[in-house]
Amino acid sequence: MSELKKHRMLIGGQWIEPASGKWFESVNPFTAAAWALIPRGAKADVDRAVAAAYAAFYDDAWRKLTATARGALLSRLADLITAEAGKLAEIETTDNGKLIAEMRGQLNYIPQWFRYYGGLADKIEGRVLPIDKPGIFNFTREEPLGVVAAITPWNSPLLLATWKLAPALAAGNTVVWKPSEFSSVSALAFGELFERAGFPPGVVNIVTGFGAEVGEPLITHRDVAKIAFTGGDKTGEHVYQLAARGLKRVTLELGGKSANIVFDDADIEQAVKGVVSGIFAATGQTCIAGSRALIHRPILDKFVEQLLALAKTARMGDPLDMGTQVGPITTRSQYEKVLDYIRIAKEEGAVCRLGGAPAQRPECGPGWFVEPTIFTGVKPDMRIAQEEVFGPVLSIIPFDTEDEAVRIANGTVYGLAAGVWTTSIRRALTMSERLEAGTIWVNTYRAVSYMSPFGGYKRSGIGRESGIDAIREYLQTKSVWIDIAGNAPNPFIMR
Ligand code: TXE
């Protein structure tokens with residue numbers, strides 16, 4: 001344990017040790033061995049970080065920066081991330097076991113968010129309103145909120161943090177970021193780049209540690225104005241309740257049980273690839289996992305046969321190897337949760353057609369691997385078809401009509417995304433209207449962009465990330481009234 005690197009947290013521009021004097025291990029999911037020591041933050045560290053962020057918010061070094069200069073900082077940060085992308089991707093893979101091929105792709109793409117919101121920083125405009133009161137000039141200003149708490153998960157650690165940090169900073173807020181306890185090393189390496197880009201001290205602070213010890217004091221801190229959270233829906237509900245006590249602004253990006261719907265007129269080969277990518281890419285550990293494949297009954301047998309054939313070819317193994325297609329599960333508890341759901345599905349009567357057990361392949365070593373798993377005979381109301389597994393487990397559900405497909409797809413508490421595979425333009429449009437989800441993909445799956453809004457319907461979340469409008473989640477509107485007539489009307493009645 002003593003050979004592992006002891007990391008420090010970023011507070012007020014200083015790299016500091018935790019007040020508790022305690023660290024915890026971050027475990028590499030491929031080797032199942034500890035590889036880094038993470039500072040175990042607590043309330044005292046949160047108080048310091050929020051004080052630093054609060055002071056930075058009111059400090060001229062940040063507040064008096066022109067919006068254009070603020071944008072330039074974000075753009076400089078984007079250049080630094082580009083230069084460090086390879087190194088950061090390797091850290092992420094070591095920390096969370098996601099494929100290096102995917103993490104490199106994310107790291108190379110992340111700078112676009114900072115460039116996009118950097119460009120937007122000096123286009124945040126108020127309006128002059130043609131007010132109905134004579135002698136009044138009325139205009140609006142769009143102002144930052146103050147200190148934003150960003151709480152992020154382990155599955156795409158830097159990408160999901162970027163979705164919060166880029167608009168929050170472009171809008172002129174300051175940030176205290178609590179990364180997941182399972183993926184803190186990349187966050188701390190990322191933190192160095194803010195310093196190097198020239199952000200004033202205290203504008204971005206990072207406190208590592210656990211949800212109850214760091215997350216809760218952060219959410220409930222009086223000087224935190226807004227919470228931007230990505231995680232599971234149960235934690236999200238708890239975060240929402242805590243934030244409500246302080247009447248804080250909240251955006252939540254939570255999980256899903258997304259349906260990938262294949263009609264009999266679809267290009268089957270493409271649809272098979274789309275369904276595989278929807279559930280087995282990222283080992284199913286993604287909020288947008290297409291964990292339910294809804295298949296039109298006329299093509300059911302043919303589709304399942306082709307799907308099994310492709311899924312069987314998935315190469316498992318070291319996530320740092322560019323040729324690996326399915327990596328380990330990130331945490332031991334998540335590994336156990338996935339195996340638990342496989343057991344539940346079998347008990348519920350679903351038929352396991354592929355996988356359904358821990359991987360015993362030599363190339364998987366001691367890591368937490370679960371075989372790509374496919375169930376048929378799944379009924380829409382089974383737990384395996386209703387609850388988020390967050391692993392490589394696919395439920396196949398047949399349907400006969402468009403109405404039935406819509407009913408099944410919309411029949412969960414979630415609404416993050418849905419996929420539709422069809423060559424009919426009418427079907428593509430009607431399904432995209434009828435499906436209750438924040439993102440609809442037609443003849444593609446798992447596409448995201450800094451330009452396009454992302455977020456959930458129903459229990460999948462509140463608010464949107466990415467795209468122009470997402471910056472409004474980090475702004476508040478002020479209405480300014482100026483009397484230009486110079487004659488006060490009756491002071492005893494409302495003007
Ligand atoms: O997530 P948590 P976990 C889903 C997925 C997964 C389940 C549990 O189904 O199996 O959630 O995963 C912080 N106050 N998703 O336990 O708990 C925590 O430290 C404040 C979907 O890893 O939601 C971490 O930084 N913060 C998802 C963050 O919340 C708290 C991504 C997320 O952790 C806290 C991850 C508390 N009381 C999991 N408790 C997605 N939408 O992509 C925890 N945290």
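When reading the values below, keep in mind they use all heavy atoms of this one structure, side chains included, and skip hydrogens, waters and symmetry mates. On a predicted model such as this, the values are computed, not experimentally measured, just so you know. Whatever order the structure lists them in is the order used to number ligands and atoms, beginning at 1.
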*Examine distances only and state if a side-chain atom of Glu473 and a backbone atom of Arg464 form a donor-acceptor pair shorter than 3.5 Å.*
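Yes, the answer is positive, given that a donor and an acceptor are paired below the 3.5 Å cut-off.
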*Is Asn205 reaching over with its side chain to a backbone N or O of Gly12, donor-acceptor style, under 3.5 angstrom?*
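Yes, the answer is positive, given that a donor and an acceptor are paired below the 3.5 Å cut-off.
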Students should be able to answer this: which protein heavy-atom is nearest to [atom], and at what distance?
atom: atom 22 (O) of ligand 1; value: Trp154 NE1, 2.5 Å
atom: atom 42 (O) of ligand 1; value: Cys287 CB, 3.0 Å
atom: atom 30 (C) of ligand 1; value: Gly211 CA, 3.4 Å
atom: atom 24 (C) of ligand 1; value: Thr152 O, 3.5 Å
atom: atom 43 (C) of ligand 1; value: Thr235 CG2, 3.5 Å
atom: atom 19 (O) of ligand 1; value: Glu181 OE1, 2.6 Å
atom: atom 29 (O) of ligand 1; value: Phe229 CE1, 3.2 Å
atom: atom 37 (N) of ligand 1; value: Glu216 OE2, 2.7 Å

*Is there at least one protein heavy-atom neighbour under 4.0 Å from atom 33 (O) of ligand 1?*
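No, there is none.
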*Does atom 2 (P) of ligand 1 have a protein non-hydrogen atom under 4.0 Å from it?*
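Under 4.0 Å from atom 2 (P) of ligand 1, at least one protein heavy atom found.
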*For atom 10 (O) of ligand 1, state which one of Glu237, Lys337, Glu387 supplies the nearest heavy atom.*
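The option holding the nearest heavy atom is Lys337.
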Decide whether an N or O pair under 3.5 Å exists between [X] and ligand 1.
X: Asp233; result: no
X: Pro153; result: no
X: Ile151; result: no
X: Gly231; result: yes
X: Thr230; result: no

Charged N to carboxylate O under 4.0 angstrom, [X] versus [Y]?
X: Glu17; Y: Arg8; result: yes
X: Arg361; Y: Glu371; result: yes
X: Glu192; Y: Arg196; result: no
X: Glu102; Y: Arg446; result: yes
X: Lys164; Y: Glu465; result: yes
X: Glu237; Y: Arg459; result: yes

Just let me know how [X] lines up against ligand 1, side chain, backbone, both or neither, with a heavy-atom cut-off below 4.0 Å.
X: Ile219; result: side chain
X: Thr286; result: neither
X: Glu253; result: both

*Within a radius of less than 6.0 Å around CZ of Arg48, do more than 12 heavy atoms belonging to other residues, nucleotides or ligands occur?*
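12 or below, so no.
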So if I count the atoms of ligand 1 from 1 in the order they appear, which ones are less than 4.0 Å from some heavy atom of [X]?
X: His238; answer: 37 (N)
X: Gly215; answer: 20 (C), 26 (N)
X: Leu254; answer: 41 (N)
X: Gln334; answer: 6 (C), 10 (O)

*Mind checking the OH-CZ spacing from Tyr450 to Phe114? Nearest 0.5 Å is all I need.*
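CZ of Phe114 is found 14.0 Å from OH of Tyr450.
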*asked:* Using 0.5 Å steps for rounding, measure from the CZ atom of Phe369 to the OH atom of Tyr335.
replied: 10.0 Å
*Results of side-chain contact (heavy atoms from CB on, under 4.5 Å) for Glu181 - residues two or more places apart only*: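 Here the qualifying residues are Phe24, Lys178, Phe210.
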*Only counting residues at least two apart or in another chain, list the ones meeting salt bridge (charged side-chain N to carboxylate O under 4.0 Å, His left out) with Asp223.*
none
